[in-house]
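Comments concern the structure below.
What you are looking at is a predicted structure, and each value in this text was computed from that prediction instead of being measured. So that the names make sense, note that chain A is the first sequence line, chain B the second, and so on, each numbered from 1.
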Amino acid sequence: MVMSELPKNYDPKAIEAKWYASWLENKRFHQGHANGGEPYTIVMPPPNVTGILHMGHALNNSIQDVLIRWRRMQGYNALWVPGTDHAGIATQNVVERQLKKEGLRRQDLGREKFLERVWEWKNKYGDTIVNQLKALGASCDWDRQRFTMDEGLSNAVKEVFIRLYEKGLIYRGTYIINWCPRCQTALSDEESEHQDTKGKLYYINYPIKDMAGASVMIATTRPETLLGDTAVAVNPKDERFTHLIGKTLLLPILNRKILVIADDFVAKEFGTGCVKVTPAHDPNDYQMGLRHNLEQINVMTDDGHMNEHAGPYQGLDRFACRKKIVEDLEAAGLLVKIEEHPHAVGHCYRCDSVVEPRLSPQWFVKMKPLAEPGITAVKEGKIRFIPERWNKVYLEWMENIRDWCISRQIWWGHQIPIFYCDACNHEWADRGKPTKCPKCDSSNVRQDEDVLDTWFSSWLWPFSVFNWPDENPDLKFYYPTNSLSTASEIIFFWVARMIMAGYEFIGDLPFTEVYIHGTVRDNQGRKMSKSLGNSIDPLEIINTFSADALRFSLLMLTATGQDVYVSKEKFEIGRNFGTKIWNVARFMQMHKLAPETQPIDVRAIRLNPDSWSADDWHIVAKLDDAAKVAQECLERFRFNDYAHVLYEFLWREFCDWYVEYAKEVLYGNDEARRREVLQVMHYVFDRALRLLHPLMPFLTEELWHGMGYGLDSETIMNAAWPKADNLMLRGMAQPYVEYVDAKHDLIHKGRQLRSDYEVPPNEKIAFTIRPVDANAETQLRNDVRGIGQLLKASEISIDLNFAPEKAMPSALNALGTIYMSLGNMDVEAERTKLQAQLAAISEELDRVDARLADREFVKKARLDVVRRSMARQEELKNKREKLNALIAALG
RNA sequence: GGGCGUAUAGCUCAGUUGGCUAGAGCACUUCCUUGACAUGGAAGGGGUCACAGGUUCAAGUCCUGUUACGCCCA
């Protein structure tokens, strides 16, 4: 037996570091197509290079690690591909902040030098989160770690852009886009986050030209944009205003002449029914502008200040301008009123600035044609969201998909592979870095300045990590991948787009299952965020408890797809569980066989069921149950139930019952029994460790070796996943399982008697059991010592004909009636107790009687339900009879 | 405005296709340092399953409505 002595205390820090290093050194996570087998693939949602591990990452990556470790043990060619995302705006912001401390702007460095700085930053800090994932125990194939801006992935991006461009699905156009004045770039619709804001609705009079004193009242939430108004619109069906259509108004302050137009878009109910039209600053107004041929006047600069079209307000910040213009309108007597108006305002998802809808020339992807196959795939169930409800959210978005603004006015990212010839105005896409115009041969050639949206590289992730467009065996083997685990926030940004890219460029779906986990929140239900200061640092938890504790607790608390509320104390669950397992392992090690006997080969245990006690059968059957349930839970992404079943099995069934019961044997001197009980323990514990391994990889690996279950050259990572449903075993075990469950109840009842009569735990006391029948008698007789041990009994008598001579505290059980010998007892208290039980039983019996008397119930309920009711009725009647007898016996 | 989610013990949550006496962890009460473990053991208290209707032999579970909170989209 290769068994090393386990130290008294578990030291997770040293052990976790040791095993992770060993796994890496032995390339345990590495996989390739050449190893064959059935592939099981997960691509990790690439965290931002600027990222630091938060609870959301910890949860998501624990989930993925559980899945991949489980499949690996099942014998799949399991591959988990990690990587990081260049996170265009976020990373650029970080480096710009750094520059600012040096008193520099990126423009001071110029594009090339600035990019050098970003790469420097990336090389220095970009692996922070990757290293944190290692502390978590993530079993990713780090040899395959990718970065969205590495050479291969950049090629994939270029290839995709050019294919779409040549297909006519990428176009450049001037439209209203979401502009972040702080980041000074366009954003996609998804990157503009709507936040409910307590805004105001300003009612303003626009004087009618040549009609002194007459005016039209409009309502707006953004009064500063009136400087760019080129019309006022009313609904043509709105009789209140038909007389105004065609009239000329004087734009307040600027006194520019604008017309009143009629357009169906105007909602009669909103505001005053008259709306100002600002084609350069509002998407709806823009459309209206096109319909009516209105001028588009952009009144703002890139950084959110008013420009030369803003007249006296030029140079003011947009919000300062809002304030000023309202004051001026009031002074001019044109401001009618201000109302509170809660509404949603777009905010930049990177810097939280208020987004400015603004007319701007940008690149777009035409999405409708790309969406079609992705819609079909989910409708036909080829791709499945878990929980299912996300199907609807996804389909809703896909069916109403809008074109994707992909150009960003930043420097860090994939530069758009479009080139312009300034000599002949030719525009073309190019995979290389052309220096000459292919049309006129001029060298007056420049590349488009913009870079692509970060998501334009992430949407290719499931195949670009396998070096697409290069056709290669890994790509063939591992694509499509299997499970994708991610948060709901990212369904539109990423999941939907990956599906579209998969179909468009590979002609096949990127994954078959999308598990959407919940959001990690604090105890008050708030999202964890830096600004709220309510985040719990996973690394701090790993430090105070362990990575295993973090993983176990987190998953134990996460019901499928529901949000998780965590606080530091909750991680004690995992820590305590780990300690419990550690200690039971130490207990097993304490018990050695006599030195002259052949040692147990824990790696090749040959069980002897012929010599088993009921408890041996019971624990082996319960292990089989646990394996079965664990398997089902993992297949259905029910991680909390998976954690729970192992917790229950190891702590309750194994430690609390089986081990306690085994002590009677282990401290005895029947060597054959000692041997077999130890064998059963090792058999069960080995398998339990394997079942637990995906959740608590470090502790299980340490114990698996410590107990001698694995050789130095092996790892529990590759040990076989215990198969469940040993039908023959289950059939044979069934009677024992029923008996032992009843025995546990009997012991519980005995302990209740002790507690009821305040017998101190360390005081031994005699019990007598009157079995219900001869069969129970035999079983109990075989078990008296074990039962006595758990009841702390001085003596246990089994007596089929026991009749107490004087009043004794007693309790009923399926196996018999248990009596406790007490010097002198409070008869009245015992009577009260038994009568309370009798009342409860009678009450329930009445309900069951009534149910069974109901013909409709008997006729319509399922057979097994009726049967169970009848069995219960019998049982209750029985119990009532016996309780009456017990009460009578009290005298 | 539309959609989704949640409401079960003091707290945080499970509860699968309706069917035994609604469960767990934490917290709480009492007792216990017995030979794995006090990061532990034993026993216990605590629930009108948000509210109002309905369907059904049977509803925490299904349907309708109401309220509260949260999220997403416009």
Side-chain angles (χ1 to χ4, degrees), chain A residues 6 8-10 189-190 193-194 267 269-270 343-344 346 387 389-390 392-393 396-397 400 488-489 491-492 518-519 521 523 525-527 545 549 553 556-567 569-570 572-591 632-633 636 638 640-641 643-644 647-648 651-652 655-656 659-660 663 666-667 747-748 750-756 758-764 789-792 840-841 843-844 847-848 850-862 864-873 875-876:
Chain A
L6 294 172
K8 183 158 189 331
N9 290 311
Y10 178 56
D189 294 334
E190 292 70 37
E193 290 182 341
H194 290 266
E269 313 75 43
F270 182 80
H343 63 132
R389 67 179 123 91
W390 295 108
K392 205 178 153 189
V393 175
E396 192 71 24
W397 187 77
N400 297 293
S488 60
E489 292 104 83
I491 292 177
F492 307 144
T519 310
R521 299 175 180 281
N523 254 351
R526 300 173 305 180
K527 214 167 165 168
F545 301 113
S553 309
M556 176 104 162
L557 294 169
T558 313
T560 310
Q562 291 299 339
D563 290 354
V564 210
Y565 290 50
V566 298
S567 58
E569 309 82 68
K570 289 194 172 164
E572 289 171 9
I573 303 173
R575 191 256 329 248
N576 295 355
F577 185 44
T579 307
K580 189 74 185 178
I581 297 169
W582 182 259
N583 280 309
V584 79
R586 284 178 56 232
F587 171 81
M588 290 165 68
Q589 283 198 339
M590 279 174 46
H591 296 278
E632 284 167 3
C633 291
R636 299 169 56 207
R638 300 183 69 103
N640 59 331
D641 292 337
H644 195 259
Y647 186 86
E648 198 69 21
W651 200 314
R652 305 270 95 93
C655 294
D656 287 353
V659 169
E660 285 307 317
K663 281 178 180 172
L666 293 175
Y667 288 115
I747 290 167
H748 180 69
R751 286 168 170 172
Q752 273 179 329
L753 291 178
R754 295 186 62 116
S755 176
D756 284 352
E758 287 167 357
V759 180
N762 44 7
E763 188 183 315
K764 298 219 166 185
Q789 178 112 354
L790 292 190
L791 279 177
K792 286 263 180 299
I841 282 169
E843 210 178 290
E844 195 195 337
R847 282 202 301 271
V848 177
R851 193 188 309 161
L852 284 166
D854 183 346
R855 266 196 225 140
E856 291 297 298
F857 170 72
V858 179
K859 205 164 70 190
K860 290 179 183 167
R862 275 203 325 266
D864 63 305
V865 174
V866 178
R867 269 208 199 121
R868 256 182 290 160
S869 285
M870 290 169 74
R872 183 72 183 156
Q873 189 185 39
E875 200 185 328
L876 289 168

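B/rA42 is paired with B/rU30 under the criterion used here, namely a Watson-Crick or G-U wobble arrangement in which both key atom distances are under 3.5 Å. Across all strands shown, B/rG1 pairs with B/rC73; the Watson-Crick or G-U wobble distances both stay below 3.5 Å. In this structure, B/rA24 forms a base pair with B/rU12, meeting either the Watson-Crick or the G-U wobble geometry with both donor-acceptor distances under 3.5 Å. In this structure B/rA52 sits in a base pair with B/rU64, meeting the Watson-Crick or G-U test at under 3.5 Å. For B/rG35, there is no paired base (Watson-Crick or G-U wobble, both distances below 3.5 Å).
No contact: A/D756 has no heavy atom under 4.0 Å from any strand. The residue A/R867 sits apart from the nucleic acid: no heavy atom pair falls under 4.0 Å. Residue contacts shown for A/A840 are absent, as no nucleic acid heavy atom lies under 4.0 Å away. When heavy atoms are screened at a 4.0 angstrom cut-off, A/T579 is found touching base atoms of the nucleic acid. When heavy atoms are screened at a 4.0 angstrom cut-off, A/K392 is found touching the sugar-phosphate backbone but no base atom. Heavy atoms of A/R868 sit under 4.0 angstrom from at least one base atom. Among the protein residues, A/E572 comes within range of no part of the nucleic acid, since none of its heavy atoms lies under 4.0 Å from any strand. Within 4.0 Å (heavy atoms only), A/D864 reaches no atom of the nucleic acid at all.
In the set B/rC57, B/rC31, B/rA36, B/rA36 carries the atom at the smallest distance from any side-chain atom of A/V584. Considering only the side chain of A/F587, B/rA36 comes nearest among B/rG15, B/rG25, B/rA36. Side-chain atoms of A/R751 lie closest to B/rA42 of the nucleotides B/rG19, B/rA42, B/rU34. Of the candidates B/rG25, B/rA36, B/rC57, B/rA36 carries the atom nearest the A/H591 side chain, counting heavy atoms from C-beta on. In the set B/rA36, B/rU34, B/rU16, the nucleotide with an atom closest to the side chain of A/E660 is B/rA36. When distances are taken from the side chain of A/N576 to each of B/rG15, B/rG19, B/rU39, the shortest belongs to B/rU39. With distances taken from any side-chain atom of A/R851 to the nucleotides B/rU21, B/rG44, B/rC37, the minimum falls on B/rU21. Of the candidate nucleotides B/rA42, B/rC72, B/rC31, B/rC72 has the atom nearest to the side chain of A/F492. Listed nucleotides: B/rC20, B/rA43, B/rU16. Nearest to the side chain of A/Q752: B/rA43. In the set B/rG25, B/rC57, B/rC20, B/rG25 carries the atom at the smallest distance from any side-chain atom of A/Y647.
Atoms CG (A/D854) and C1' (B/rU56) sit 11 Å apart, rounded to a whole Å. Per the geometry, CG belonging to A/N640 stands 14 Å off P belonging to B/rG25, to the nearest Å. Distance, A/K570 NZ to B/rA27 P: 13 Å, rounded to whole Å. Regarding A/K8, its NZ atom lies at a distance of 12 Å from the C1' atom of B/rG35, rounded to whole Å. The interatomic distance linking A/K764 (NZ) with B/rC32 (P) rounds to 18 Å, in whole Å. Going from atom CH2 of A/W397 over to atom C1' of B/rC4 covers 18 Å, rounded to whole Å. Taking atom CZ of A/R638 as the reference point, atom P of B/rC13 lies 17 Å away to the nearest angstrom. A/F577 places its CZ atom 12 Å from the P atom of B/rG41, with the value rounded to the nearest Å.
Look at A/R872 and A/E875 and you find a salt bridge, because one of the NZ, NE, NH1 or NH2 atoms lies within 4.0 Å of a carboxylate O, short of that distance. A salt bridge does not link A/E648 with A/R652: every distance from a Lys NZ or Arg NE/NH1/NH2 to an Asp or Glu carboxylate oxygen is 4.0 Å or more.
Separating the C1' atom of B/rC26 from that of B/rG45 is a span of 16 Å, rounded to the nearest Å. A distance of about 15 Å separates the P atoms of B/rA22 and B/rU16, rounded to the whole Å. Here the separation of B/rA58 from B/rU12, taken at their C1' atoms, is 31 Å to the nearest Å. For the C1' atom pair drawn from B/rU8 and B/rC49, the interatomic distance equals 4 Å after rounding to whole Å. The gap from the P atom of B/rU17 to that of B/rG5 amounts to 14 Å, rounded to the nearest Å. B/rG10 and B/rU48: their P atoms are spaced 8 Å apart (whole Å). With C1' as the reference atom, B/rG19 and B/rG60 are 13 Å apart, rounded to whole Å. Straight-line distance between the C1' atoms of B/rA24 and B/rA14: roughly 7 Å, to the nearest whole Å.
How far OG of A/S755 is from NE2 of A/H748: 9.5 Å, rounded to the nearest 0.5 Å. The distance from atom CG of A/D641 to atom NE2 of A/H644, rounded to the nearest 0.5 Å, is 8.0 Å. Between the CZ atom of A/R862 and the CZ atom of A/R867 there is a distance of 12.0 Å, given to the nearest 0.5 Å.
Regarding contacts with the backbone of B/rU33, a side-chain N or O of A/N762 is found under 4.0 angstrom from either OP1 or OP2. Taking only side-chain nitrogens and oxygens, A/R575 never comes nearer than 4.0 Å to OP1 or OP2 of B/rC26. Distances shorter than 4.0 Å separate none of the side-chain N or O atoms of A/H748 from OP1 or OP2 on B/rA42.
With hydrogens and angles ignored, a donor-acceptor pair under 3.5 angstrom links the side chain of A/K580 to the base of B/rC37.
Between A/W582 and the options A/F577, A/Y10, A/F587, a ring pair (Phe, Tyr, Trp, His ring centres under 6.0 Å) holds for only A/Y10.
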Before giving the answer on side chain to side chain contact (heavy atoms under 4.5 Å, CB included), spell out for A/V393 and A/E396 the whole-Å C-alpha distance, their side-chain angles and the decisive distance to 0.1 Å.
-> CA-CA 5 Å; A/V393 175; A/E396 192 71 24; 5.7 Å; no
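Using a distance-only test at 3.5 Å, with no hydrogens or angles considered, a donor-acceptor pair links the side chain of A/Q589 to the main chain of A/L6. Checking side-chain atoms of A/R751 against main-chain N and O of A/L791 turns up no donor-acceptor pair under 3.5 Å.
Where A/C655 and A/E758 meet RNA chain B, the nucleotide closest to each residue was compared, and A/E758 sits on the side nearer the 5' end. Each of A/D189 and A/K663 lies near RNA chain B, and the nucleotide nearest A/K663 is the one positioned closer to the 5' end.
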